[in-house]
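Working notes, structure below.
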Amino acid sequence: MTTTPAAALLDELAAAGPLTLHRGPVRPLAARALQGVLDPADPYTVIAAARRLADGPLEQALADVTARRLLHEPTGRRIPLQELPSRTTIGLAQAHRLDSGQADALAFALRATFAWPGIVGTPDAPFAFKAELPEGYTPFATPAQIAASQALAGPDGLNTRYMISQMKGGMSCDCGASCPLGCAYCYRREGATADGYYGNWEPKGFLTAEEVIDRLLAHPWFTPHVTPLGLHMSTSEAFLPVLWSRTWGMLQLLDRLGLTNRVSCITKFTLSDEQIGQLESLTNIDLDIQVCYAAMPDAIEPPNRKRRLDFLRRVLTSDRLNVLAYYRPIAEGINTTDAHLRHVWETYRDAGARTVVLGGLKFGDDHVHSFMAYGLPLPTGSFTPGKKLLTAATEARIMAMFDEVYADVPPELRPAVLKRSSCGRSIERGSHIPDYNGHHDLPTTNCRLRCPAAQHQVCAATTTRLPDEETARHLLERLGRPDAPFDITPSTVVVHADLSQFERTFLRQNLLHPVHTPAQAAALLAGRLG
């Protein structure tokens, strides 16, 4: 029998004693050995190998992982890496009375059951650049070249030069740009004309699914299993027939790589039962579907209402998909009458919506000219460029109507209602991690609707479980700022550097903690004191 290098290294490590999994100089060798036996289709092979490197209660905890198949849900779906602490590691550490070193070794062994493709991450250093890239792997471009491209992105982060963009909601992976659905308020338009509003735009500038994922894995801001992703997040419609094969191709590639990142598809379109079944067949990727419906008039938002709502009802019955009802866009004076508000809530109640995200409308001068040219009614209110408008008065009316429509539904059975997408995505998954965009730094602004108590507790816990300095330093190195000073506090990580909003987003989404510049931190403190 031929002995593989990984098996030989495991034999050597097993003979060295039972502390190989613990933090220290030997752990990188253990990571290499465990990854050498990884089978993405059967992560329990790694657990069997890790048991050889452990003894006592740590070995018993690892045995429990296999016996109870704690890396998977009953449906067969892989539990995402970010959810393992709340769903697996903490409970095992308590049940087997592991000390802090043993609990850390258990977490390391579980990380080794995940693949780490691309230029970032290993089980012992999940947020760091790889010291050595896999044999035969050539990144699409250097980290410096990719970062320079991101620096040229538009004000909302869209990077049409590279087609991977760090945006507020996560990293957008795009095969092409433009959309033929003809929503009059769309801010992802081409040129200054309104010609595209009624169906003239077809997505173009295509990359293949393989090219997009190759670019993603080479991006220095992409962390396997951590970075939230969106497919065509702000460039098109992921479920369009002309894009579906590429969307499905990207999802398949991510899934085959063994990645458990949160992946989002925002849609005003529909899928067939066969296509929904394809999505349900994914076992690793943590997919959510966000279906938009706000009773917008057909002249402004042409996509078929009935088909959209039938699709929402259908996907809400799936036990394999995370589904959010997107009550967006809410345009003051257009879809904000009492009749509109009642209709939307009755629709969501009938469909069985579990998580609802509210959102206002972005509206600029070019929209005004186009709406007037087509004879469309203008929304009311004062708009700030790049900002969505939803007034406090309208928000209060929306929630008052919610209370009327759900009056005979017990409070614990009513849907969660949130202001932020990242809050909704966290809650729909069971409140296993804090809001990854750190909105809980302003609770009176962002947490005042219907956020479950469990999510409040998870977000509040960020003040007691602080990010560690090594992780923060690795992330700053990936931003090209290895020497930037920073302070880690219960309320925020203060970075003493001139960071862009998207660099702060990158840090927040990796640290699961608010991040501010010194001036922002001072303003935050002043606001709280006030």
Side-chain angles (χ1 to χ4, degrees), residues 79-91 93 103 107 110-111 126-127 166-171 221 223-230 260-264 286 288 290 322 324 354-358 416-472 474-475 486-495 501-516 520-521 524-525 528:
I79 293 176
L81 182 142
Q82 283 191 300
E83 297 182 6
L84 277 181
S86 67
R87 299 177 69 167
T88 302
T89 317
I90 293 173
L110 296 184
R111 285 198 300 272
F127 296 93
Q166 175 65 67
M167 309 183 84
K168 186 176 186 294
M171 296 193 85
W221 296 10
T223 309
H225 309 290
V226 174
T227 303
L229 303 175
T260 60
N261 297 70
R262 296 169 178 231
V263 179
S264 176
D286 191 18
D288 70 53
Q290 301 163 10
N322 306 298
L324 285 74
R354 299 180 296 265
T355 307
V356 181
V357 179
L358 305 184
V417 185
L418 298 313
K419 289 174 62 71
R420 308 295 183 185
S421 298
S422 54
C423 299
R425 295 175 74 184
S426 298
I427 289 163
E428 176 64 18
R429 286 160 168 78
S431 299
H432 295 291
I433 68 170
D435 163 36
Y436 54 79
N437 265 335
H439 290 118
H440 45 279
D441 61 355
L442 294 171
T444 57
T445 299
N446 296 315
C447 311
R448 65 174 181 257
L449 298 182
R450 276 190 52 81
C451 180
Q455 186 65 40
H456 275 284
Q457 293 166 3
V458 170
C459 289
T462 61
T463 63
T464 58
R465 292 196 295 270
L466 302 185
D468 62 86
E469 291 188 10
E470 181 182 48
T471 297
H474 285 159
L475 294 170
F486 60 89
D487 301 301
I488 299 175
T489 75
S491 59
T492 185
V493 175
V494 182
V495 181
Q501 62 172 318
F502 300 108
E503 289 173 316
R504 295 194 303 276
T505 295
F506 161 77
L507 292 172
R508 283 197 308 270
Q509 293 176 350
N510 282 272
L511 293 171
L512 296 181
H513 200 70
V515 175
H516 294 90
Q520 290 173 325
L524 178 68
L525 178 60
R528 288 180 173 175

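A donor-acceptor pair under 3.5 Å is absent between the side-chain atoms of Gln455 and the main chain of His432, judged by distance alone. Checking side-chain atoms of His513 against main-chain N and O of Arg465 turns up no donor-acceptor pair under 3.5 Å. Using modelled atom types, no side-chain atom of Asp286 and backbone atom of His225 make a donor-acceptor pair closer than 3.5 Å. With hydrogens and angles ignored, the 3.5 Å screen pairs a side-chain donor or acceptor of Thr492 with a backbone N or O of Pro514. Thr89 places no side-chain N or O within donor-acceptor distance of the main-chain N or O of Ala107, the cut-off being under 3.5 Å.
In this structure, the side chains of Asn261 and Met171 stay at 4.5 Å or more apart for every pair of heavy atoms. Within the 4.5 Å cutoff, no side-chain heavy atoms of Asn322 are placed close to those of Arg425. Taking the side chain as every heavy atom from C-beta outward, Thr355 and Leu418 approach each other to under 4.5 Å. Under the 4.5 Å side-chain criterion, counting only non-hydrogen atoms from C-beta, Val495 is not in contact with Arg504. No side-chain heavy atom of Lys419 sits under 4.5 Å from any side-chain heavy atom of His439. Counting heavy atoms from C-beta on, the side chains of Glu470 and Phe127 never come closer than 4.5 Å.
Expressed to the nearest 0.5 Å, how far CD1 of Ile427 lies from SG of Cys459 amounts to 8.0 Å. The CZ atom of Arg111 sits 10.0 Å away from atom CG of Leu84, with the distance rounded to the nearest 0.5 Å. Here CD of Gln166 is found 7.0 Å from OG1 of Thr227. Values are rounded to the nearest 0.5 Å. One finds the CG atom of Leu466 at 7.5 Å from the OG1 atom of Thr464 (value rounded to the nearest 0.5 Å). The CZ atom of Phe502 sits 13.5 Å away from the CG atom of Leu507 when rounded to the nearest 0.5 Å. Ile433 CD1 to Ser426 OG: the interatomic distance, rounded to the nearest 0.5 Å, is 4.5 Å.
The minimum heavy-atom distance linking Ala521 with Val494 is given by the pair CB-CG2, 3.8 Å. Considering every non-hydrogen atom in both Pro434 and Val458, the closest pair reads N-CG1, 3.3 Å. What you find for Ala103 and Ala93 is that their closest heavy atoms are CB-CB, 4.1 Å. Taking every heavy atom of both residues into account, Trp221 and Phe506 meet most closely at O-CE1, 3.3 Å.
Side chain to side chain, Arg508 and Thr505 meet the donor-acceptor criterion of an N or O pair below 3.5 Å. A side-chain N or O of Gln290 and one of Ser264 form a donor-acceptor pair less than 3.5 Å apart.
Contact check on Asp435 versus Arg420 returns no salt bridge, with no Lys/Arg side-chain nitrogen under 4.0 Å from an Asp/Glu carboxylate oxygen. Between Arg262 and Glu428 there is no salt bridge, since none of the side-chain N atoms of the basic residue sits less than 4.0 Å from a carboxylate O of the acidic one.
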Original post:
Does the side-chain contact (heavy atoms from CB on, under 4.5 Å) test come out yes or no for Val226 and Gln509, once each step is laid out?
Top reply: CA-CA 8 Å; Val226 174; Gln509 293 176 350; over 6 Å; no
